[in-house]
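Below is one structure, written out as structure tokens, with a few remarks after it.
All values below come from the heavy atoms of this structure, side chains included, with hydrogens, waters and symmetry mates left out.
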Amino acid sequence: MTPLLTEAAVGSVPDAATRAALLADDPLWLILLKCVVILLIGPIMTIFLIVWERKAVGRMQNRPGPNRVGPGGYLQSLADAIKLPFKEQIIPDTADRKVYFLAPVVCVVPSLIALSAIPFGPVVSIFGERTVLQLLDLPVSALVILACSSIGVYGIVLAGWSSGSPYPLLGGMRSAAQVISYEIAMGLSIVAVILQAGSLNLADIVGKQQPAWFLYLVPSFVIYLISMVGETNRAPFDLPEAESELVGGFHTEYSSMKFAMFFLAEYVNMVIVSAFATTLFLGGWMAPWPLSLIGNNVLNTGWWPVLWFFAKMFVLLFGFIWLRGTLPRLRYDQFMRLGWKVLVPLNLVWIVMVTFAKVITWNTATIIIAAVAIFIVASLFFYVRAAGREEESESIPVTGGGFPVPPLDLKVPQTTPRQKALAKAEAKAARRKPAAVGTAKEGAQDGVS
């Protein structure tokens, strides 16, 4: 056994070299066990979250949720999971079958493997083998999570295109624009965390939060929370599957197990972004502040950290449910304006401020200059917003503006282009028919005479 493994006590926070040594020393059965557990976290959490969401939203709307299948209705999602594979598969005649079958797989697979880079706890002992509670320890594991969460949009776009129907295609195009917009905001929101931690490795980021969580990076945390809702296509940002506009969006033409795979991908993505937020801003697997003082930090050792990690993650997951039961769906132009004109500029300004705070030696003069700069930037921001609102209020909305409205001088045509084309065709047919009949009659009269 190497000296690094000898020094790695159970419950300790390992450095990069110790983590690498522990993971390299894992036997094959332990690696397979980690793989199976990570692959099962997503489906098990999905089954629980669906029934939890239906019960919570039902309670918010003063109605009972699922209450028939199982004790308290908690086996309803399991019944749905058993039912869906046996339902009839309906494939449109116009669908591109190969891409149609591939799209749900592209959505699900990246979602299931993204959790492999999340650190769930410190050094633990599993059947006598010391290891860390993560499968992969990469120098750029934060970028791996972002990449996996964004690859799923390819499946949504392919599903919309391959269905051969206009409504799924519109849903797929919306999702592409939505993920591009909010992926930028999400990526920028973690820059401040990376600057504070000095690393892209998630385990290092958790270790840097031992003195204090990165929750004090409030603007980054708030922007990340908004971006993760947009990234996962959840209400009030569920525009790619807007029932009132697009029937069901990108999965309108899907049924049976393929529809269930889209559902699975959505909820697993919720778990991923919540676990990512827990790791970046909420101290990862570390116990909350009052509990961390008990018994010389004993609650940060052994398997206790797994409990704290999932508790924090469940709080964020409940935020998704709360938003769905509270806010109505945004208009598409409002959604895109929020991403490009609010979140991205605020992110850039905040990154500049964090960088300035890290490189500047603080004294009285520096604090005064920083306060004046913040005041000027805030004044300019509110001035530009007020000027934009005045221009919008004075202008007359016309078709093609921020959202479609009929023009003031709208004139409804008496006939549609199709009606005109039909009338023209009928006129041509009418001109030809009498001529042919008249010629025949004249020939018959000549024959009689």
Could you tell me the separation between the [atom1] atom of [X] and the [atom2] atom of [Y], rounded to the nearest 0.5 Å?
| X | Y | atom1 | atom2 | answer |
| --- | --- | --- | --- | --- |
| M313 | I272 | CE | CD1 | 10.5 Å |
| I180 | M336 | CD1 | CE | 8.5 Å |
| W285 | L133 | CH2 | CG | 9.5 Å |
| L202 | L280 | CG | CG | 6.5 Å |
| L346 | S189 | CG | OG | 12.0 Å |
| L188 | I351 | CG | CD1 | 4.5 Å |

Can you tell me if [X] uses its side chain to pair, donor with acceptor, with the backbone of [Y] under 3.5 Å?
| X | Y | result |
| --- | --- | --- |
| W322 | V57 | no |
| Q134 | I118 | no |
| K87 | M257 | no |
| T131 | D26 | no |
| K312 | G284 | yes |
| S175 | G172 | no |
| S116 | I113 | yes |
| Q334 | R331 | yes |
| S77 | V51 | yes |
| S255 | I90 | yes |

What do you reckon, are the aromatic ring centroids of [X] and [Y] less than 6.0 Å apart?
| X | Y | answer |
| --- | --- | --- |
| F335 | Y182 | yes |
| F250 | F262 | yes |
| F221 | F281 | yes |
| F263 | Y267 | yes |

Note to self: Please evaluate residues V273 and F320 with respect to the criterion side chain to side chain contact (heavy atoms under 4.5 Å, CB included), reporting the C-alpha separation (whole Å), side-chain torsions for both, the decisive distance (0.1 Å), and the verdict.
What the structure shows: CA-CA 11 Å; V273 295; F320 281 101; 3.8 Å; yes

Check: How are the rings of W52 and F314 set to each other: parallel, tilted or perpendicular (split at 30° and 60°)?
Finding: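 Perpendicular.
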
Item checked: Parallel, tilted or perpendicular: rings of Y100 and Y254 (30°, 60°) ->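 Parallel: the ring planes of Y254 and Y100 meet at under 30°.
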
Next item on the list: Could you check M228 against F276 for side chain to side chain contact (heavy atoms under 4.5 Å, CB included), going step by step and ending with a plain yes or no?
Entry: CA-CA 10 Å; M228 77 179 189; F276 198 38; over 6 Å; no

So, for [X] and [Y], which heavy atoms are closest and what is the spacing to 0.1 Å?
| X | Y | result |
| --- | --- | --- |
| I321 | A56 | CG2-CB, 3.7 Å |
| V179 | V153 | CG2-CG2, 3.6 Å |
| V206 | G283 | CG1-O, 3.7 Å |
| C148 | A114 | CB-CB, 3.6 Å |
| L30 | E129 | CD2-CB, 4.1 Å |
| C107 | G152 | SG-O, 3.4 Å |

Flag side-chain contact, heavy atom, 4.5 Å: [X] against [Y]:
| X | Y | result |
| --- | --- | --- |
| M173 | L170 | no |
| I126 | V124 | yes |
| T232 | E266 | no |
| P139 | L200 | no |
| H251 | P104 | no |
| W308 | M286 | no |
| N300 | W304 | no |
| I226 | L338 | yes |

Checklist line | Any residue meeting side chain to side chain contact (heavy atoms under 4.5 Å, CB included) with L138, in chain and number order, not counting sequence neighbours | finding: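 For L138 the side chain to side chain contact (heavy atoms under 4.5 Å, CB included) partners, ignoring immediate neighbours, are L136, S141, V144.
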
Side chains of [X] and [Y]: do they bring a donor and an acceptor to under 3.5 Å?
| X | Y | answer |
| --- | --- | --- |
| N201 | R19 | yes |
| N233 | Q178 | yes |
| Q196 | Y216 | yes |

Next item on the list: Check step by step if side chain to side chain contact (heavy atoms under 4.5 Å, CB included) holds for L323 and F237.
Entry: CA-CA 10 Å; L323 286 176; F237 301 151; over 6 Å; no

Next item on the list: Count the heavy atoms belonging to other residues, nucleotides or ligands that lie under 6.0 Å from CZ of F318, then report whether that count exceeds 12.
Entry: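 Correct, the count exceeds 12.
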
Item checked: Presence of salt bridge, R234 and E53, under 4.0 angstrom ->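 Result for this pair is yes, salt bridge flagged.
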
Next item on the list: Apply side chain to side chain donor-acceptor pair (under 3.5 Å) to the pair S111 and N269, showing each step before the final yes or no.
Entry: CA-CA 6 Å; S111 303; N269 279 327; 3.1 Å; yes

Next item on the list: For side chain to side chain contact (heavy atoms under 4.5 Å, CB included), just list the numbers for S199 and K208, CA-CA rounded to whole Å, side-chain angles, deciding distance to a tenth of an Å, and then say yes or no.
Entry: CA-CA 9 Å; S199 174; K208 293 289 184 180; over 6 Å; no

